[in-house]
Amino acid sequence: MDFKDYIRVIPDFPQPGISFKDITTLLKDGEMYRKAINELKVMVSDLKIDVIAGPEARGFVVGAPLAYALGVGFAPIRKSGKLPGETIEVGYDLEYGKDTLAMHTDAIEKGQNVLIADDLLATGGTIATSINLIEQLGGNVVGAAFLIELSDLNGRAKLPEKIDVFTLMNY
Ligand SMILES: O=P(O)(O)OC[C@H]1O[C@H](OP(=O)(O)OP(=O)(O)O)[C@H](O)[C@@H]1O
Ligand SMILES: Nc1ncnc2[nH]cnc12
């Protein structure tokens, strides 16, 4: 059983030159989805985690079940204009565009240990921005967990060394 057998690779989406790693083909298989989340749970088991933060939208489908499995809370990191309460926002670049991410100012308590979860690490822009937001709120990012890492884009280089990075699949 190889998780990669469940990832659909679509060339030139959403723009020419991007090799898109589609996780919907893994998510629709209940057994494999559960195995993937359970494997991430084992990988992060040495960390002390108070809350998981996940960036919209695909970070929710990894972060929320992982939070449930660990019995910790989940803090959504959303695109600009979606959160109803008081927010902080940070703009960033990603592999195929630009965007802005936001968090509620009360999403994280000062000093809480935070694990960031997402489906995929590409340039690292999304995760670096997520770290920026969480640290502005006084959170302590202890790790980042992904289903997929695009190693050639070297997103890890954008992350501080103290943050442990966990990935199930490499491309
Ligand atoms: O490492 P990076 O270069 O930042 O790229 C990775 C990010 O890009 C994708 O999200 P996207 O912004 O496309 O949003 P989506 O989850 O709503 O599809 C993916 O889910 C990661 O969050
Ligand atoms: N190549 C890629 N495939 C899927 N999601 C992505 N997010 C950023 N780059 C991506």
Side-chain angles (χ1 to χ4, degrees), residues 2-29 32-33 36-37 39-40 43-44 51-67 74-84 87-104 107-108 114-137 139 141-171:
D2 185 345
F3 287 115
K4 275 191 172 178
D5 295 341
Y6 290 80
I7 302 299
R8 176 167 54 189
V9 179
I10 301 184
D12 300 319
F13 181 88
Q15 60 192 44
I18 301 291
S19 168
F20 193 89
K21 310 302 183 286
D22 178 21
I23 61 165
T24 64
T25 35
L26 185 151
L27 299 177
K28 72 179 183 180
D29 186 303
M32 290 306 292
Y33 187 13
I37 297 302
E39 197 144 320
L40 288 180
M43 284 175 151
V44 303
V51 62
I52 291 184
E56 177 180 353
R58 285 174 268 156
F60 294 1
V61 300
V62 178
L66 188 56
F74 178 76
I77 302 171
R78 297 216 59 182
K79 307 269 163 83
S80 183
K82 297 286 185 183
L83 289 168
T87 59
I88 53 168
E89 298 199 347
V90 175
Y92 68 108
D93 294 323
L94 74 168
E95 199 188 359
Y96 40 69
K98 283 181 179 302
D99 227 319
T100 299
L101 289 177
M103 290 183 82
H104 274 145
I108 307 278
V114 184
L115 176 78
I116 303 175
D118 201 356
D119 69 323
L120 182 141
L121 175 64
T123 65
T126 303
I127 293 308
T129 306
S130 301
I131 293 169
N132 179 336
L133 287 164
I134 293 162
E135 290 185 342
Q136 281 189 54
L137 298 177
V141 180
V142 292
F146 305 90
L147 298 177
I148 298 170
E149 176 175 5
L150 305 185
S151 307
D152 288 352
L153 295 177
N154 203 18
R156 278 183 190 239
K158 284 217 178 76
L159 311 184
E161 269 184 25
K162 61 162 188 159
I163 294 177
D164 286 320
V165 179
F166 306 91
T167 52
L168 282 190
M169 291 166 263
N170 275 279
Y171 283 88

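Counting starts at 1 for both ligands and their atoms, in listed order.
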- Around atom 6 (C) of ligand 2, find the nearest protein heavy atom and jot down its residue, atom name and distance. L120 CD2, 3.4 Å

- Query: How far is atom 15 (P) of ligand 1 from its nearest protein heavy atom, and which residue and atom name does that atom have?
  - Reply: A57 N, 3.6 Å

- Query: With a 4.5 Å heavy-atom cut-off, do P14 and F20 have their side chains touching?
  - Reply: yes

- Message: Please list, in number order, the atoms of ligand 2 under 4.0 Å from a heavy atom of A122.
- Response: 8 (C), 9 (N)

- Query: Taking all non-hydrogen atoms of both residues, which atom of V44 and which atom of A145 are closest, and how far apart?
  - Reply: CG1-CB, 4.3 Å

- Query: For atom 10 (C) of ligand 2, which protein heavy atom lies nearest, and how many Å away is it?
  - Reply: E95 OE1, 3.2 Å

- Item | Charged N-O contact under 4.0 Å between E135 and K162 | yes

- Item | Carboxylate-amine/guanidinium contact R78 E56, below 4.0 Å | yes

- Specify side chain, backbone, both or neither for D119, according to which of its non-hydrogen atoms lie closer than 4.0 Å to ligand 2. neither

- Task: Nearest heavy atom to atom 14 (O) of ligand 1 wins, so pick from R78, K79, K21.
- Result: K79

- Query: Is the closest side-chain heavy-atom distance between F146 and L40 below 4.5 Å?
  - Reply: no

- G124 to ligand 1, any heavy atom closer than 4.0 Å: yes

- Message: With heavy-atom distances below 4.5 Å as the criterion, would you say the side chains of L147 and L168 are in contact?
- Response: yes

- Query: Considering only protein heavy atoms, which is closest to atom 9 (C) of ligand 1, and at what distance to one decimal place?
  - Reply: R58 NH2, 3.3 Å

- How close does the nearest protein non-hydrogen atom get to atom 12 (O) of ligand 1, and which residue and atom is it? L94 CD1, 3.0 Å

- Message: I'd like to check L159 versus I131 (side-chain heavy atoms, cut-off strictly below 4.5 Å). Are they in contact?
- Response: yes

- Note on the structure: atom 19 (C) of ligand 1 has as its nearest protein heavy atom D119 OD1, 3.3 Å

- Closest protein heavy atom (residue, atom, distance) for atom 7 (N) of ligand 2: Y96 OH, 3.3 Å

- Item | Nitrogen or oxygen atoms of K21 and ligand 2 under 3.5 Å apart | yes

- Query: Would you say the side chain of Q136 lies within less than 4.5 Å of the side chain of M103, judging by non-hydrogen atoms?
  - Reply: no

- The protein heavy atom nearest to atom 3 (O) of ligand 1 is T123 OG1, 2.5 Å

- Task: Measure the distance from atom 5 (O) of ligand 1 to every protein heavy atom, then report the residue, atom name and distance (to 0.1 Å) of the closest one.
- Result: A122 CB, 3.5 Å

- Task: Distance to 0.1 Å, residue and atom name: give those for the protein heavy atom nearest to atom 5 (N) of ligand 2.
- Result: R58 NH1, 3.0 Å

- Message: With heavy-atom distances below 4.5 Å as the criterion, would you say the side chains of T126 and L101 are in contact?
- Response: yes

- Residue pair I127 / I116, side-chain heavy-atom distance below 4.5 Å: yes

- Message: Name the residue from L26, D119, L120 that meets the side-chain contact (heavy atoms from CB on, under 4.5 Å) definition with K21.
- Response: L120

- Query: Does Y6 have K28 sitting over its ring (NZ/CZ under 6.0 Å from centre, angle to axis within 45°)?
  - Reply: no

- Task: Could you check which of D118, L120, I127 puts a non-hydrogen atom nearest to atom 22 (O) of ligand 1?
- Result: D118

- Which residue from P14, G155, S19 reaches closest to atom 1 (N) of ligand 2 through any of its heavy atoms? S19

- Looking only at protein heavy atoms, identify the closest one to atom 13 (O) of ligand 1 and say how far it is in Å. Y96 OH, 2.6 Å

- Note on the structure: The protein heavy atom nearest to atom 4 (O) of ligand 1 is T126 OG1, 2.6 Å

